[in-house]
Amino acid sequence: MTAPGNAPTPTRDEASRTHLRVHEEFLTANPQALQTAPGSQADVWCHEFLPQEVWRESAAVHEATHAVLTRLVGMTPTRVALARSRDEVAGGTYSSTGTADAQQFVVVCVGAGPFPAARLQKAGYSHPELEKCIRQFCASGDLANAQSYVTSGYVADIDQAIRDSIRLLADPSAERAVDALTRALLAAESLGEGEIAAILDPHSLTHDRAGVWVPRRRLPIVAAISPSRAL
């Protein structure tokens with residue numbers, strides 16, 4: 001049995017089916033869209049049409065966000081890495097260690113979807129279908145990890161975790177930490193525990209477990225080394 005938080009990496013066929021389901025609502029309304037190449041940033045409706053440098057930065061933001069949220073719930077990020085090629089199913093990975101409630105692990109899992117989507121919107125990539133693609137397909141592995149806690153019997157509220165992650169990342173120090181780690185990850189492509197700590201320590205990220213909703217009378221669990229699906 002797979003441990004919660006360690007959902008297996010999907011095959012390429014599984015990823016393709018998930019991608020199609022994410023876009024299905026929009027394709028039903030406009031079936032010709034599948035054949036339409038975007039003419040401007042605001043027209044980009046799928047992550048596959050993002051320019052390479054934009055896609056890569058968004059993947060780095062995704063992994064950096066996992067690491068910052070890990071710190072904010074009182075655990076230790078041990079590695080972040082970008083995929084070597086855009087053709088890989090997973091755009092990056094992260095891992096962590098420490099003790100926390102399952103709900104706090106879910107916050108770390110699901111928070112890396114909305115944050116890159118919001119960043120892309122600020123940069124002019126504002127198509128609602130792209131936002132859904134980034135939040136639901138590009139973070140589909142993270143959502144599967146979050147759901148694995150629920151199916152394993154832990155009490156976890158995924159919607160609440162998304163709200164908590166957005167609030168935690170709205171703090172200016174957290175945003176600056178994500179930016180700093182993103183720049184370093186783009187340059188190095190892989191960062192270990194010590195390198196991550198050296199980048200995040202100056203930002204004085206405060207452990208905010210009290211600010212994350214958790215169910216009462218729950219035993220903590222220990223973090224596993226778990227992959228993250230990015231862009």
Side-chain angles (χ1 to χ4, degrees), residues 5-10 12 15 47-98 100 105 107-123 125 133-135 137-142 145 165 168-207 223-231:
N6 285 280
T9 301
R12 190 167 298 280
H47 80 280
E48 292 183 350
F49 289 111
L50 289 170
Q52 172 64 17
E53 67 277 7
V54 176
W55 172 86
R56 192 167 179 269
E57 181 175 349
S58 192
V61 169
H62 182 112
E63 303 307 333
T65 301
H66 280 308
V68 169
L69 285 170
T70 297
R71 268 288 190 95
L72 288 172
V73 301
M75 297 188 295
T76 302
T78 55
R79 184 173 182 267
V80 289
L82 290 177
R84 293 182 179 274
S85 167
R86 190 168 180 170
D87 293 332
E88 295 184 30
V89 173
T93 59
Y94 84 104
S95 60
S96 63
T97 188
F105 281 96
V107 168
V108 174
C109 287
V110 301
F115 197 73
R119 284 290 180 90
L120 285 169
Q121 283 202 326
K122 289 180 181 178
Y125 294 92
C133 182
I134 298 296
R135 291 182 65 141
F137 172 67
C138 296
S140 58
D142 299 322
N145 280 332
S165 72
L168 292 174
L169 293 166
D171 185 281
S173 62
E175 289 201 56
R176 288 191 293 269
V178 171
D179 287 342
L181 193 55
T182 295
R183 290 192 296 271
L185 184 54
L186 286 170
E189 295 190 344
S190 179
L191 298 168
E193 182 177 342
E195 295 166 308
I196 296 170
I199 295 164
L200 296 186
D201 284 351
H203 296 279
S204 303
L205 299 176
T206 302
H207 296 176
I225 304 300
S226 56
S228 162
R229 283 67 168 177
L231 294 173

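FYI, the numbering just counts along the sequence from 1.
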- Query: Would Asp201 and Arg71 satisfy side-chain contact (heavy atoms from CB on, under 4.5 Å), going step by step from the backbone distance to the final call?
  - Reply: CA-CA 10 Å; Asp201 284 351; Arg71 268 288 190 95; 2.5 Å; yes
- Determine, stepwise, if the pair Asp179 / Arg119 fulfils side-chain contact (heavy atoms from CB on, under 4.5 Å). CA-CA 11 Å; Asp179 287 342; Arg119 284 290 180 90; 2.8 Å; yes
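In this structure, the side chain of Ser58 does not engage the main chain of Val54 through any donor-acceptor pair within 3.5 Å. In this structure, Ser95 contributes its side chain and Thr78 its backbone to no donor-acceptor pair below 3.5 Å. Between the side chain of His62 and the backbone N or O of Ala112 there is at least one donor-acceptor pair closer than 3.5 Å.
The shortest non-hydrogen separation linking Ser173 to Leu205 is O-CD2, 3.9 Å. In terms of heavy-atom proximity, Leu72 sits nearest to Ala174 at CD1-CB, 4.2 Å. Summarising the geometry of Ile134 relative to Gly113, their closest heavy-atom pair is CG2-O, 4.0 Å, with the distance given to 0.1 Å. The two atoms that bring Thr65 and Gly111 nearest to each other are CG2-O, 3.7 Å, heavy atoms only.
Remark: Glu189 engages Arg56 in a salt bridge, criterion side-chain N to carboxylate O under 4.0 Å.
Legend: residues meeting side-chain hydrogen bond (donor to acceptor under 3.5 Å, both in side chains) with Thr76, ordered by chain and number and at least two apart, are absent.
Here CZ of Phe105 is found 8.5 Å from OG1 of Thr70. Values are rounded to the nearest 0.5 Å. Interatomic distance, Cys133 SG to Phe49 CZ, rounded to the nearest 0.5 Å: 10.5 Å. Note that the CD atom of Glu63 and the CG atom of Leu82 stand 7.0 Å from one another [nearest 0.5 Å]. Residue Glu57 holds its CD atom at 12.0 Å from CD of Gln52, rounded to the nearest 0.5 Å.
Taking 4.5 Å as the limit, every side-chain heavy atom of His66 sits out of range of all side-chain heavy atoms of Phe115. Between Leu191 and Leu181, the closest side-chain pair of non-hydrogen atoms falls below 4.5 Å. Residues Cys138 and Trp55 form no side-chain contact, since every pair of their non-hydrogen atoms from C-beta on lies 4.5 Å or further apart.
If you run side chain to side chain contact (heavy atoms under 4.5 Å, CB included) between Met75 and each of Leu69, Val108, Thr97, only Val108 comes through.
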